[in-house]
Amino acid sequence: RRPSIVDRLQRRLVSASDGVIAVSQHVASNVVNRHSLQNKSVGVIPNSVDVTRFRPDIDGSDLKREWRVGSSPMVLYLGRWDHFKGLTYLLEAFEEVVRIVPDAKLVLVGWGVLRETLMGMTRRLGLSSSVRLVERLPEEHVPKAYAASDVFVYPSLLEGFGIALLEAMATARPCVGTAAGAIPEIVSNGETGVLVPPRDAHGLSEAISTMLSDSSLARRFGLAGRRRVELEFTPDIMARKTLNFYKKLLD
């Protein structure tokens with residue numbers, strides 16, 4: 001295909017720069033390969049999350065009432081409703097989940113082009129009483145959405161980073177995701193959550209069902225995720241790495 005304006009602009013900016021910062025090793029590798037970088041300094045500096053805003057002690061019970069979840073176990077996805085996010089596979093997986101955990105609820109918080117597709121698929125799979133679609137949650141309520149959940153799920157087919165995973169981990173929620181793009185750089189499989197292959201609805205179902213059925217395992221993963229964010233993904237750490245990268249270029 002012909003390069004887009006964005007592609008051409010990116011190529012010119014990269015070629016004119018002394019260094020490039022990528023938010024993940026996955027992105028860094030793509031940049032190096034795409035632009036045939038030889039002597040460029042490429043630094044990997046992950047995104048960060050405010051651990052004072054996203055905390056394990058937040059109360060999300062008012063959102064559970066608003067979403068008619070009640071005391072049922074709740075699985076949350078938060079992000080764009082787009083094709084590469086793998087949400088159709090998540091709905092297929094949840095059809096299996098409710099056979100194992102009948103009162104489980106899936107809340108999809110976001111926006112995007114798949115709205116009608118997701119609504120139609122929910123009806124077709126008989127999940128209308130088990131799935132909630134919540135559009136454009138106010139920013140101040142986002143931490144409470146994570147707090148309201150028992151499991152956070154991120155079924156992307158490709159991903160440059162996935163900051164929602166950091167937010168969920170900072171709120172001490174176990175994560176179920178796909179081993180796609182940069183996600184394995186954030187979620188440690190078997191330690192802070194479970195990773196399955198992309199497009200694997202059955203694998204997603206098994207992982208989600210396990211998290212909902214084993215509260216001690218879910219709690220262990222959640223606490224380990226919080227610790228990892230505190231050690232690796234805070235704004236102070238991100239700022240220090242950025243400053244060190246600038247110093248390296250100046251030297």
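Counting from 1, the numbers follow the sequence of the chain as shown.
- Between A180 and E159, the closest heavy-atom pair is O-CB, 4.2 Å.
- By the rule that hydrophobic residues join a cluster once side-chain heavy atoms approach within less than 4.5 Å of another member, V27 and I163 end up as members of one cluster.
- Under the 3.5 Å distance criterion, with hydrogens and angles disregarded, a donor-acceptor pair is assigned to the side chains of E96 and H202.
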- Message: One pair to check against side chain to side chain contact (heavy atoms under 4.5 Å, CB included): M211 and I208. What are the steps and the verdict?
- Response: CA-CA 5 Å; M211 292 296 98; I208 293 169; 5.8 Å; no
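- L217 and V194 fall within the same hydrophobic cluster, where Ile, Leu, Val, Met, Phe, Trp and Tyr residues are linked whenever their side-chain heavy atoms come under 4.5 Å apart, directly or through other members.
- Looking at every heavy atom in both residues, L195 comes nearest to T178 through CD2-O, 3.9 Å.
- Between the side chains of D214 and S216, a donor-acceptor pair is found at a separation under 3.5 Å.
- Checking side-chain atoms of T192 against main-chain N and O of A224 turns up no donor-acceptor pair under 3.5 Å.
- Of the candidates T234, T171, D236, V51 forms a side-chain contact (heavy atoms from CB on, under 4.5 Å) with just one, namely T234.
- Between the side chains of Y77 and K85, no donor-acceptor pair of N or O atoms lies under 3.5 Å.
- Residues E191 and R220 are not paired through a salt bridge, judged by the lack of any N-O separation under 4.0 Å between the basic side chain and the carboxylate.
- For the side-chain contact (heavy atoms from CB on, under 4.5 Å) with L108, the lone residue among V134, V153, L90 that qualifies is L90.
- A perpendicular orientation is assigned to the rings of F233 and F161, their planes being inclined by more than 60° (bins at 30° and 60°).
- No continuous path of hydrophobic side-chain contacts links V44 to V229 [ILVMFWY only; heavy atoms under 4.5 Å].
- Here the shortest heavy-atom pairing between L127 and F94 reads CD2-O, 4.3 Å.
- Without hydrogens or angle criteria, R123 side chain to M121 main chain gives no donor-acceptor distance under 3.5 Å.
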- Determine, step by step, whether Y154 and V187 satisfy the side chain to side chain contact (heavy atoms under 4.5 Å, CB included) criterion, reporting the C-alpha distance in whole Å, the side-chain angles of both residues, the deciding distance to 0.1 Å, and the verdict. CA-CA 10 Å; Y154 210 68; V187 178; over 6 Å; no
- Item | Audit row: F152, V176, side chain to side chain contact (heavy atoms under 4.5 Å, CB included) steps and yes/no | CA-CA 6 Å; F152 182 72; V176 172; over 6 Å; no
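- L133 and R115 get closest at one heavy-atom pair: CD2-O, 4.2 Å.
- A salt bridge is absent between K144 and D59; no separation between the charged side-chain nitrogens and carboxylate oxygens falls under 4.0 Å.
- A single hydrophobic cluster is not seen to contain both V42 and I21; linkage of ILVMFWY side chains at heavy-atom distances under 4.5 Å, directly or through other members, places them apart.
- Side-chain heavy atoms closer than 4.5 Å link hydrophobic residues (I, L, V, M, F, W, Y) into clusters, and following such links, even through other members, never connects F54 to I237.
- Contact between K64 and D150 at its shortest, heavy atoms only, is NZ-OD2, 4.3 Å.
- To the nearest 0.5 Å, atoms CG (D50) and CD (E167) are separated by 10.0 Å.
- Between R199 and E92, no side-chain nitrogen of the basic residue sits less than 4.0 Å from a carboxylate oxygen of the acidic one, so the salt-bridge criterion is not met.
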